[in-house]
J.: 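Here you go, one structure.
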Amino acid sequence: MNTAFTMADIEKAHAVVDPDGVNDYLSALRQLGVAYYVSHICDGHSDFYDAAGNKLSTAPIHDRLTVAERVDPKAAKLALGQHGRGETDYLTFARQLADAGIETWLMDPRARTCTFCCRAGEKLFSAPL
């Protein structure tokens with residue numbers, strides 16, 4: 001099945017993202033019909049889902065990272081704080097999350113939350129956006 005949104009739609013919405021523009025990005029995704037998306041730390045690709053569960057996937061955006069087996073939520077939360085303050089770029093943030101055992105994050109445009117998950121798929125913590 002196909003989604004109502006296209007990769008071009010996602011790229012256009014992503015073009016407005018800056019440290020202060022995450023909520024604008026989420027609003028744009030919601031208007032496109034994105035129910036949620038999952039970003040994969042290992043290579044940076046994301047899977048965008050509509051309400052019916054149809055998926056559109058992006059290509060990887062960085063070299064493969066190894067996600068640690070041991071989970072360190074405290075280190076992940078520290079990395080999130082640093083990134084949220086603009087102290088790290090995306091790739092540094094991804095490396096920090098991989099080292100902390102975070103495999104994915106799930107962004108929910110409606111709830112405006114980001115949920116971090118480990119390799120086992122367990123939801124470790126959510127952060128409001």
J.: Indicate if L56 and Y25 have the same hydrophobic cluster label, given that clusters are the connected sets of ILVMFWY residues with side-chain heavy-atom separations under 4.5 angstrom.
T.: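 Yes.
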J.: How are the rings of Y36 and Y49 set to each other: parallel, tilted or perpendicular (split at 30° and 60°)?
T.: parallel
J.: If you measure from CZ on F125 to SG on C117, what distance do you get to the nearest 0.5 Å?
T.: 9.5 Å
J.: Hey, what's the ring geometry for F93 with F116, parallel, tilted or perpendicular (30° and 60° as the breaks)?
T.: perpendicular
J.: Please collect all salt bridge (charged side-chain N to carboxylate O under 4.0 Å, His left out) contacts where either partner lies in residues 91-117, sequence neighbours excluded, each pair once.
T.: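 Matches after skipping sequence neighbours: none remain.
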J.: Are more than 12 heavy atoms from other residues, nucleotides or ligands located less than 6.0 Å from atom CG of D89?
T.: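 Count over threshold, so yes.
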J.: Would you compute the distance between atom NE2 of H45 and atom NE2 of H62 and round it to the nearest 0.5 angstrom?
T.: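 Those atoms lie 10.5 Å apart.
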J.: Can you find a side-chain donor-acceptor pair between D9 and T6 that sits under 3.5 Å?
T.: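 Short answer, yes.
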J.: With clusters defined by side-chain heavy atoms of hydrophobic residues (ILVMFWY) lying less than 4.5 Å apart, directly or transitively, does L65 cluster with L78?
T.: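 No: no chain of side-chain contacts under 4.5 Å links L78 to L65.
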J.: Between H83 and T88 (side chain of the first, backbone of the second, donor and acceptor by atom type, cut-off under 3.5 Å), is there such a pair?
T.: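 Indeed, once roles are kept as given, a pair shorter than 3.5 Å links the two residues.
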J.: Got a donor-acceptor contact below 3.5 angstrom from the T58 side chain to the S46 backbone?
T.: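 Present.
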J.: Relative to each other, are the rings of F48 and Y37 parallel, tilted or perpendicular (30° and 60° limits)?
T.: parallel
J.: Enter the distance from T104:OG1 to I41:CD1 here, rounded to the nearest 0.5 Å.
T.: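 Answer for the OG1-CD1 pair, T104 versus I41, is 7.5 Å.
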J.: Strictly by side-chain hydrogen bond (donor to acceptor under 3.5 Å, both in side chains), give each pair with a member in residues 120-129 just once, sequence neighbours left out.
T.: T115-S126
J.: Mind checking whether Y90 and I10 sit in one hydrophobic cluster, side chains of I, L, V, M, F, W, Y counted as touching below 4.5 Å?
T.: yes
J.: Of all residues at least two apart in sequence or in a different chain, which pass the side chain to side chain donor-acceptor pair (under 3.5 Å) check with D50?
T.: N54
J.: Atom CZ of R85 and atom CG of L80: how far apart are they, to the nearest 0.5 Å?
T.: 9.0 Å
J.: Looking at every heavy atom in both A35 and P109, which two are closest together, and how far apart are they?
T.: O-CD, 3.3 Å
J.: Do M7 and M107 sit in the same hydrophobic cluster, where Ile, Leu, Val, Met, Phe, Trp and Tyr count as joined when their side-chain heavy atoms come under 4.5 Å apart?
T.: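 Cluster IDs for M7 and M107 match.
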J.: For V67 versus G101, what's the shortest heavy-atom pair and its separation?
T.: CG1-C, 3.7 Å
J.: Please determine whether residues L106 and L29 belong to a single hydrophobic cluster, defined as Ile, Leu, Val, Met, Phe, Trp and Tyr linked transitively by side-chain heavy-atom distances below 4.5 Å.
T.: no
J.: Calculate, to the nearest 0.5 Å, the distance between atoms CG and CG belonging to L97 and D72 respectively.
T.: 11.0 Å
J.: Distance check, rounded to the nearest 0.5 Å: L129 atom CG versus T113 atom OG1?
T.: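 So the gap between those two atoms works out to 6.5 Å.
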